[in-house]
A.B. asks: 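Take a look at the following structure, please.
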Amino acid sequence: MLENDKKRCFIELGKFLNQFSVGENSKNPDVLYNEMFFEDFENLIQLSQSHNGWYTPENVYFSIRSWANALTEENLRQWISAYNFESNKPKKVGLIVAGNIPLVGFHDFLSVLISGNSVLIKTSSNDQFLLPFLAKYLISIDPELYNRITFVEGKLENFDTVIATGSNNTARYFEYYFKDKPSIIRKNRNSVAVLNGEETKEQLVALGEDIFRYFGLGCRNVSKLFVPKGYSFNAFFEAIFEYQEVIQYEKYANNYDYNKAVFLMSNFKLLDNGFLTLKEDSSFSSPISSVFYEFYENLEDLKLRLDSESDQIQCIVSNNLIENSIDFGQTQRPNLWDYADNVDTISFLLTTK
């Protein structure tokens, strides 16, 4: 396909996704192939929680809206204008996607196709329906994609390069299994927030979005707070009280009860507001319903530490305290050019032979 054809497919997909939001799906007569896909997608959204208990309609809608906002002509043009696709030799790219949050593998899927390659996709058992549905819509826009998109149920074979996402344990398996192929292997990462006590209530409320969206299951969710020595968490707890309804969700509540009990039996000191526990801990990865925190005395020393441990961090949230940090409330709204693990997927695909 010509570059403009590839871009057009995803622009049309963005228009299709733009029809769906929490409580109000609005059918646009100008959107292509609505008669074939609109009602089926509505039904799939409502059924998603039966396929994966963490995929509530609210969180599925959030993911859909995020991609609808990303897949605009302006965003796609700005993103791909940085690359030269003319010399790319089309490859078959194996894609092993995670299933922790809805459509978590879509950016890799998009990157492979828009760079002129073919994709062999092995979906997670936790997310087997959303991406295949969107692939069918894209194929309706351009039937040529039929030969470029393949979903694999068994062993991933006959590919030139691979992008695989998993845990630290599965990453070791991937590194061994794909040792003879060019690859991007993604491991566990977490996101952190750096506070100095001068944050507004609005910023702390927005930080709650970074913590609780997708129940904290994403690598872009904040799981660790760095706060100055002597910091009072009163303002933080007051701000995030807006998210108290999360405890009404049974799977989250079960995790809250279990993890809190484990902490207490181990005699750990906790801060607790009835739906979130805060535990002082040097680790980055906290369990569901808990956020770790750590005190710092010198911001410059903290910057050096964060830089030295950057391979464990997906993104940093702060009020401009840290260079290249993200604004509060924005971790789950990345741009097309915000790459996971800071690895430029398009450049990798274009330079891999």
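Nothing here was measured: the structure is a model prediction, and the numbers come from that model.
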A.B. asks: Evaluate side chain to side chain donor-acceptor pair (under 3.5 Å) for Asn190 paired with Arg220, printing each intermediate quantity in order.
C.D. replies: CA-CA 6 Å; Asn190 298 95; Arg220 299 183 69 89; over 6 Å; no
A.B. asks: Just do the side chain to side chain contact (heavy atoms under 4.5 Å, CB included) check on Ile80 and Lys7 with the steps written out, would you?
C.D. replies: CA-CA 9 Å; Ile80 64 176; Lys7 185 172 69 174; 4.0 Å; yes
A.B. asks: Looking at Arg77 and Glu74, is there a salt bridge between them, counting it only when a charged N and a carboxylate O are closer than 4.0 Å?
C.D. replies: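 Salt bridge absent between Glu74 and Arg77.
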A.B. asks: Might you work through the side chain to side chain contact (heavy atoms under 4.5 Å, CB included) test for Leu225 and Phe233, ending with a clear yes or no?
C.D. replies: CA-CA 11 Å; Leu225 305 177; Phe233 285 96; 4.1 Å; yes
A.B. asks: Taking the basic N atoms (NZ, or NE/NH1/NH2) and the acidic carboxylate oxygens, is any pair closer than 4.0 Å for Arg186 and Asp108?
C.D. replies: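 So Arg186 pairs with Asp108 through a salt bridge.
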A.B. asks: Check Arg172 with Glu175, please: is the shortest side-chain N to carboxylate O separation under 4.0 Å?
C.D. replies: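 Salt bridge between Glu175 and Arg172, a charged N being under 4.0 Å from a carboxylate O: no.
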A.B. asks: Do we see a donor-acceptor contact under 3.5 Å between the side chains of Asn335 and Gln78?
C.D. replies: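 Per modelled atom types, Asn335 and Gln78 side chains form no pair under 3.5 Å.
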A.B. asks: Around Tyr146, counting heavy atoms of other residues, nucleotides and ligands shown, do more than 12 lie under 6.0 Å from its OH?
C.D. replies: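 Open.
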A.B. asks: Determine whether Leu134 and Leu17 make a side-chain contact, defined as any pair of heavy atoms from C-beta on separated by less than 4.5 Å.
C.D. replies: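 Side chain of Leu134 against side chain of Leu17, heavy atoms only: contact under 4.5 Å found.
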A.B. asks: Please test Met36 against Tyr137 for side chain to side chain contact (heavy atoms under 4.5 Å, CB included), starting from the C-alpha separation and ending with a verdict.
C.D. replies: CA-CA 9 Å; Met36 297 170 55; Tyr137 185 83; over 6 Å; no
A.B. asks: Please indicate whether Phe295 has more than 12 foreign heavy atoms, meaning atoms of other residues, nucleotides or ligands, lying under 6.0 Å from its CZ.
C.D. replies: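 Atom CZ in Phe295 is packed in, count exceeds 12.
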A.B. asks: Is the distance between the ring centroids of Phe41 and Phe37 under 6.0 Å?
C.D. replies: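 No - the distance between ring centres of Phe37 and Phe41 does not fall below the 6.0 Å cut-off.
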A.B. asks: Please determine whether side chain to side chain donor-acceptor pair (under 3.5 Å) holds for the pair Tyr256 and Asp272, giving the CA-CA distance in whole Å, both sets of side-chain angles, and the decisive distance to 0.1 Å.
C.D. replies: CA-CA 10 Å; Tyr256 169 80; Asp272 178 23; 2.7 Å; yes
A.B. asks: If hydrophobic clusters are built by linking Ile, Leu, Val, Met, Phe, Trp and Tyr wherever their side-chain heavy atoms come under 4.5 Å apart, do Ile163 and Tyr173 end up in the same one?
C.D. replies: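 Shared cluster, no.
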A.B. asks: More than 12 non-hydrogen atoms from neighbouring residues, nucleotides or ligands closer than 6.0 Å to CG on Asn342, yes or no?
C.D. replies: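 Open: at most 12 neighbouring heavy atoms sit under 6.0 Å from CG of Asn342.
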A.B. asks: Would you say the ring centers of Tyr214 and Phe62 fall short of 6.0 Å from each other?
C.D. replies: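 When the ring centroids of Tyr214 and Phe62 are compared, they turn out to be within the sub-6.0 Å range.
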A.B. asks: Do Trp54 and Ile288 make a side-chain contact, defined as non-hydrogen atoms from C-beta onward lying under 4.5 Å apart?
C.D. replies: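 Yes - at least one pair of side-chain heavy atoms lies under 4.5 Å apart.
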A.B. asks: If you compare all heavy atoms of Glu294 against all heavy atoms of Asp281, which two are closest, and at what distance to 0.1 Å?
C.D. replies: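 So the two residues come closest at OE1-O, 3.7 Å.
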A.B. asks: Please check if the number of heavy atoms outside Lys122 that lie under 6.0 Å from its NZ is greater than 12.
C.D. replies: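 Above 12, so yes.
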A.B. asks: Working to the nearest 0.5 Å, report the span between CG of Leu306 and OG of Ser318.
C.D. replies: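 OG of Ser318 is found 9.5 Å from CG of Leu306.
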A.B. asks: Please check if the number of heavy atoms outside Glu35 that lie under 6.0 Å from its CD is greater than 12.
C.D. replies: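 Yes.
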A.B. asks: When you look at Leu336 and Leu110, which way does the side chain to side chain contact (heavy atoms under 4.5 Å, CB included) test go after all the steps?
C.D. replies: CA-CA 10 Å; Leu336 292 173; Leu110 165 63; 3.8 Å; yes
A.B. asks: What about Tyr293 and Tyr231, are their ring centers closer than 6.0 Å?
C.D. replies: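 Ring centres of Tyr231 and Tyr293 not closer than 6.0 Å.
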A.B. asks: Start with the C-alpha gap between Asn169 and Ser167, add the side-chain angles, then the distance that decides, and say whether side chain to side chain donor-acceptor pair (under 3.5 Å) holds.
C.D. replies: CA-CA 5 Å; Asn169 288 333; Ser167 66; 4.9 Å; no
A.B. asks: Does Lys260 count as lying over the ring of Phe263, i.e. NZ or CZ under 6.0 Å from the six-ring centre, within 45 degrees of the axis?
C.D. replies: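 Cation-pi check for Lys260 and Phe263: fails.
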A.B. asks: Distance from Leu103 atom CG to Asn59 atom CG, nearest 0.5 Å?
C.D. replies: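 CG of Asn59 is found 12.0 Å from CG of Leu103.
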A.B. asks: If you draw the axis of the six-membered ring of Phe284, does the NZ or CZ of Lys224 fall within 45° of it and under 6.0 Å from the ring centre?
C.D. replies: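 That pair qualifies as a cation-pi contact.
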A.B. asks: May I ask you to test the Asn75-Trp79 pair for a side-chain heavy-atom distance under 4.5 Å?
C.D. replies: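 They are not in side-chain contact.
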A.B. asks: Distance check, rounded to the nearest 0.5 Å: Cys219 atom SG versus Arg189 atom CZ?
C.D. replies: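 One finds 8.5 Å between SG of Cys219 and CZ of Arg189.
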A.B. asks: Is there a path of hydrophobic side-chain contacts, each under 4.5 Å between heavy atoms of I, L, V, M, F, W or Y residues, that connects Leu95 with Phe133?
C.D. replies: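 Leu95 and Phe133: one cluster.
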A.B. asks: Run the side chain to side chain donor-acceptor pair (under 3.5 Å) test on Ser66 and Ser63 for me, step by step, so that the C-alpha distance in whole Å, both residues' side-chain angles and the decisive distance to 0.1 Å come before the verdict.
C.D. replies: CA-CA 5 Å; Ser66 297; Ser63 177; over 6 Å; no
A.B. asks: In the single-linkage hydrophobic clustering (I, L, V, M, F, W, Y; side-chain heavy atoms under 4.5 Å), do Val194 and Val291 co-cluster?
C.D. replies: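 No; Val291 is not reachable from Val194 via cluster members.
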A.B. asks: Ignoring hydrogens and geometry, is there a side-chain-to-backbone donor-acceptor pair from Asn196 to Glu198 under 3.5 Å?
C.D. replies: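 Flag set: sc Asn196 to bb Glu198 pair under 3.5 Å.
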A.B. asks: For the residue pair Gly329 and Arg333, what are the closest heavy atoms and their distance?
C.D. replies: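 Heavy atoms only, the tightest pair is O-NH1, 2.9 Å.
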A.B. asks: If you define the side chain from C-beta out and look only at heavy atoms, does anything of Asn88 sit under 4.5 Å from Tyr83?
C.D. replies: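 Answer no - side chains too far apart.
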A.B. asks: Indicate the atoms forming the closest heavy-atom contact of Gly99 with Asn52, along with that distance.
C.D. replies: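 In this case the closest contact between Gly99 and Asn52 is O-ND2, 3.6 Å.
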A.B. asks: So, taking the atom named CD in Gln314 and the one named OG in Ser223, what distance separates them when rounded to the nearest 0.5 Å?
C.D. replies: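 If I round to the nearest 0.5 Å, the distance is 11.0 Å.
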A.B. asks: Give a yes/no verdict on a cation-pi contact between Lys181 and Phe159, requiring under 6.0 Å between NZ or CZ and the six-membered ring centre and an angle within 45° of the axis.
C.D. replies: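 Checked: cation-pi criterion met.
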A.B. asks: Would you say NZ of Lys92 has more than 12 non-hydrogen atoms from neighbouring residues, nucleotides or ligands within 6.0 angstrom?
C.D. replies: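 Not buried by this count: 12 neighbours or fewer within 6.0 Å.
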A.B. asks: Leu47 versus Phe129: any side-chain heavy-atom pair under 4.5 Å?
C.D. replies: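 No, too far: nothing below the 4.5 Å cut-off.
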A.B. asks: Could you state the interatomic distance from CG (Asn18) to CD1 (Ile64), rounded to the nearest 0.5 Å?
C.D. replies: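 Going from the CG atom of Asn18 to the CD1 atom of Ile64 covers 11.5 Å.
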A.B. asks: Take a 6.0 Å sphere around NZ of Lys187 and say whether it holds more than 12 heavy atoms from other residues, nucleotides or ligands.
C.D. replies: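 No, because the 6.0 Å sphere around NZ of Lys187 holds 12 heavy atoms or fewer from other groups.
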A.B. asks: Which atom pair, heavy atoms only, marks the closest approach of Leu130 to Pro102?
C.D. replies: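 Closest approach of Leu130 to Pro102: CD1-CB, 4.0 Å.
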A.B. asks: Are any non-hydrogen side-chain atoms of Asn25 and Tyr61 less than 4.5 angstrom apart?
C.D. replies: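 Side-chain contact under 4.5 Å: yes.
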A.B. asks: Can you tell me how far CD of Gln19 sits from CZ of Arg65, rounded to the nearest 0.5 angstrom?
C.D. replies: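 Reported to 0.5 Å precision, the distance equals 10.0 Å.
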A.B. asks: Atom NZ of residue position Lys27 - does it have more than 12 heavy atoms of other residues, nucleotides or ligands inside 6.0 Å?
C.D. replies: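 It does: Lys27 NZ has more than 12 such atoms within range.
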A.B. asks: Evaluate the side-chain proximity of Leu195 to Leu207: yes if any heavy-atom separation is below 4.5 Å, no if none is.
C.D. replies: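 With C-beta onward as the side chain, the pair touches.
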A.B. asks: Heavy-atom distance under 4.5 Å between the side chains of Gln244 and Asn273, does that happen here?
C.D. replies: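 No. Closest side-chain heavy atoms not under 4.5 Å.
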A.B. asks: With no hydrogens and no angle check, is any side-chain donor or acceptor of Asn221 less than 3.5 Å from a backbone partner on Ser191?
C.D. replies: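 Side chain of Asn221 to backbone of Ser191, a donor-acceptor pair under 3.5 Å: no, none is there.
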A.B. asks: When you measure from the side chain of Glu199 to the backbone of Leu204, do you find a donor-acceptor pair of N or O atoms at a distance under 3.5 Å?
C.D. replies: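 Between the backbone of Leu204 and the side chain of Glu199 there is no qualifying donor-acceptor contact (under 3.5 Å).
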A.B. asks: I need the minimum non-hydrogen distance between Ile326 and Cys315, along with the two atoms involved.
C.D. replies: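 For Ile326 versus Cys315, the nearest heavy atoms are CD1-CB, 3.4 Å.
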A.B. asks: Could you check whether Phe106 and Phe109 have their ring centres less than 6.0 Å apart?
C.D. replies: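 Yes.
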A.B. asks: Any donor-acceptor pair under 3.5 Å linking the side chain of Ser266 with the backbone of Phe268?
C.D. replies: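 Side chain of Ser266 to backbone of Phe268: no pair is present.
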A.B. asks: Provide the closest heavy-atom pair for Ser115 versus Lys6 in the form atom of the first, atom of the second, distance.
C.D. replies: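 The answer is C-NZ, 4.0 Å.
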A.B. asks: Establish whether Phe237 and Val222 are linked, either directly or via other cluster members, by ILVMFWY side-chain heavy-atom contacts under 4.5 Å.
C.D. replies: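 Phe237 clusters together with Val222.
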A.B. asks: Mind checking whether Leu120 and Ile139 sit in one hydrophobic cluster, side chains of I, L, V, M, F, W, Y counted as touching below 4.5 Å?
C.D. replies: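 Different clusters: Leu120 never reaches Ile139 through Ile, Leu, Val, Met, Phe, Trp or Tyr contacts under 4.5 Å.
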